[in-house]
Amino acid sequence: MCGIVGYTGPQSAVTPLIEGLRRLEYRGYDSAGIALGTSGKLYVEKRAGKLNNLEQALGADLPTVHSGIGHTRWATHGGPTDRNAHPHLDNEGKLAVIHNGIIENYAELRTLLEGRGHKFSSDTDTESVAHLLSDLRKSHNGDLPAAMREAVASLRGSFTLLAIHADAPETIVGVRRNSPLVLGLGDGENYLASDVAAFIQYTKRAVELGQDEVVTITPTSYSITDLAGNSKKAKEYEITWDASAAEKGGFTHFMLKEIFEQPKAVADTLIGRLKDKKIQLDELNLSSREIKDIDKVVVLACGTAFHAGLIAKYAIEKWAKVPVEVELASEFRYRDPIVNKNTLVLAISQSGETMDTLMALRHAKSLGARILAICNTNSSTIPRESDAVLYTHAGPEIAVASTKAFLTQVAATYLIGLYLAQQRGVMKDGEVAEAFEQLQELPGKIEQVLETVEPLRELTRTFAAATSVLFLGRNVGFPVALEGALKLKELAYMHAEGFAGGELKHGPIALIEEGTPVIAIMPAGAEHALDEKMASNIQEVKARGANVIVIAEEGQVVTGATHVIRLPKAPAMMQPLLATVPLQVFAYEMAVTRGNDVDQPRNLAKSVTVE
Ligand code: AGP
């Protein structure tokens, strides 16, 4: 999604702005621009394409100014062109606006403003705000914060907006609704950004901004109000990441770094979660009565997070004996679901800003459900709008393709399943502790898997020319198959599809022909005896010419495979956190083999903050 940065202070503003936008590149974008506040005039430059295009356009005559706003755009309304890039200006060229989100009523605003004589120069929804703000600033005698408050009252949609005016260039005004904005507090300087990564190298002091809050910054001050102009108390917090954590740490890509961070990410998510043989989950702040009254769990999520939810279903139903429905957030939002005060909703989101998931949790909340967010981003919108949050501790996940967030999401849902089982008296303390210990063994086992992934690089060369890859899984291996297919699609731009092994004979087996690559995940043998069924699936596809890669635990008998990837032994419920890892690496290596942009795959964004 779009990246937003604002700076005001003693530095030459172009440096923190460009550096901040570079730190936000991972959000995915197709154009970039900045507006620098000089006395009585704005210096604006914007270009389609990557940041380098903008930097080349910033001529030598660039004035040294100390405030400005910067933007990377992920096109929604209007193509990725120079004219549609942000910032957008009023007709006098003295007011500049940047925006992340969608102004749903932009067309009617444009008609109204053109009727007042405003001339538009782009196809974007954002430009309507620039002209609207210009009129309102005049009616408020130059008071830009007041103008912003009034403007927002007439906007519909989701947005983060920053505005700067040449008559008061060191002042920057921002507002957020359903879209991220965070304030960075420096020493004699202040920042506004979509994400702390933009200013973390300058300051770790931040302030979270709530819904419909208007923030005004100067180099030495900041103020926050609601839309009525009432002051709001700022909640400062210390950012725990350091700048290096957001760097590649010696890996070729963020994604590979994050794959190798998975043992630590899972370990960190489990820290402190078991005490005296009991799962500690005080965040849930539900009374024993409320926990006992839960009659259904509904998971709301998108993409990889949705796959984590599918795995959670097996665990929570097995351990807590509570029915679990796993819903694509974008579908749930427009349904009439059966949800009430006894429904516990798990909103799973790495970024905490996914609009589909946010809107779905609001829908569930309006029906009386209790919302527990599972999130990896401190103080983001989804946790703030939930009744409680269980943070995963995967650290910053920069690559668009989610890896360590996924494993920690699964681990977090397991904690919830065990906690519910314990609180509802369905599992004894000893059983809960035993399951938790199995979880605690996983970081070491993931390390072992990571030590054996080297051959996958060679294997991807075998399949590099494939036009489609099928993934088979059973039980908790089925969501793993879906996740493996998604990784290959989003990274290698290859068609890939995940199936439940038992579904093969109901149609998909018609896809198999000579040389079709099939990746089959053998269920962990011990608990289900499903391995015989999967062994039959392997023979069925092999007999029709498939080239089969099998993922199986040590010692498991495998026949008919071209290649076997071995996993350490683990209980069936724990296997997804191991079997997923080679699939991540397979997709990563395939993307590298194909020369794709691994960390920022085409057409994708790290956080999809539009519906
Ligand atoms: C996963 O690799 C994708 N990047 C995507 O499916 C992602 O999981 C989905 O957009 C949800 O994002 P969230 O976890 O930030 O809500």
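Below, each value reflects all heavy atoms present in this structure, side chains not excepted, and no hydrogens, waters or symmetry copies. In what follows, residues are counted from 1 in the order of the sequence shown. In each ligand, atom 1 is the first atom listed, and ligand 1 is the first ligand listed.
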Ring-face cation contact, Tyr493 with Arg602, 6.0 Å cut, 45° max: yes
Number the atoms of ligand 1 from 1 as they appear, then name those within less than 4.0 Å of a heavy atom of Ser402, with their elements. 1 (C), 2 (O)
Is there a donor in the side chain of Asn376 and an acceptor in the side chain of Thr392, or the other way round, less than 3.5 Å apart? yes
For atom 14 (O) of ligand 1, find the nearest protein heavy atom and state the residue, atom name and distance (0.1 Å precision). Gln350 N, 2.7 Å
What atoms of ligand 1 come within less than 4.0 Å of a heavy atom belonging to Lys487? 1 (C), 2 (O)
Using distance alone, determine whether Thr354 and ligand 1 share an N or O pair under 3.5 Å. yes
Taking atom types as modelled, is there a side-chain donor on Tyr29 or Glu25 under 3.5 Å from an acceptor on the other? yes
Got a sec: does the NZ of Lys264 have more than 12 other heavy atoms crowding it under 6.0 Å? no
The protein heavy atom nearest to atom 15 (O) of ligand 1 is Ser351 OG, 2.7 Å
Look at atom 7 (C) of ligand 1 and say which protein heavy atom is nearest, naming residue and atom and giving the distance to 0.1 Å. Thr304 N, 4.2 Å
Report yes or no: does a heavy atom of Ser607 sit under 4.0 Å from some atom of ligand 1? no
Starting from atom 4 (N) of ligand 1, locate the nearest protein heavy atom and write down its residue, its atom name and how far away it is, to 0.1 Å. Val400 O, 2.7 Å
When you compare the side chains of Lys204 and Thr240, does any donor N or O come within less than 3.5 Å of an acceptor on the partner? no
Would you mind listing which atoms of ligand 1 come within a distance below 4.0 Å of any non-hydrogen atom of Ala401? 2 (O)
Among protein heavy atoms, which lies nearest atom 10 (O) of ligand 1, and at what distance? Val608 CG2, 4.3 Å
Out of Glu258, Gln262, Glu261, which residue meets the side-chain hydrogen bond (donor to acceptor under 3.5 Å, both in side chains) rule with Lys404? Glu261
Pair Ser179, Thr160 - check side chain to side chain donor-acceptor pair (under 3.5 Å), show working. CA-CA 6 Å; Ser179 186; Thr160 301; 3.0 Å; yes
Report yes or no: do Thr381 and Glu353 form a side-chain donor-acceptor pair below 3.5 Å? yes
In the protein, which heavy atom is nearest to atom 2 (O) of ligand 1, and how far is it? Glu490 OE2, 2.5 Å
Backbone or side-chain N or O of Gly303 under 3.5 Å from ligand 1 N or O: no
Taking Arg333 first and then Glu611, would you say they form a salt bridge - that is, a charged N and a carboxylate O separated by under 4.0 Å? yes
At the 4.0 Å heavy-atom cut-off, does Glu353 count as touching ligand 1? no
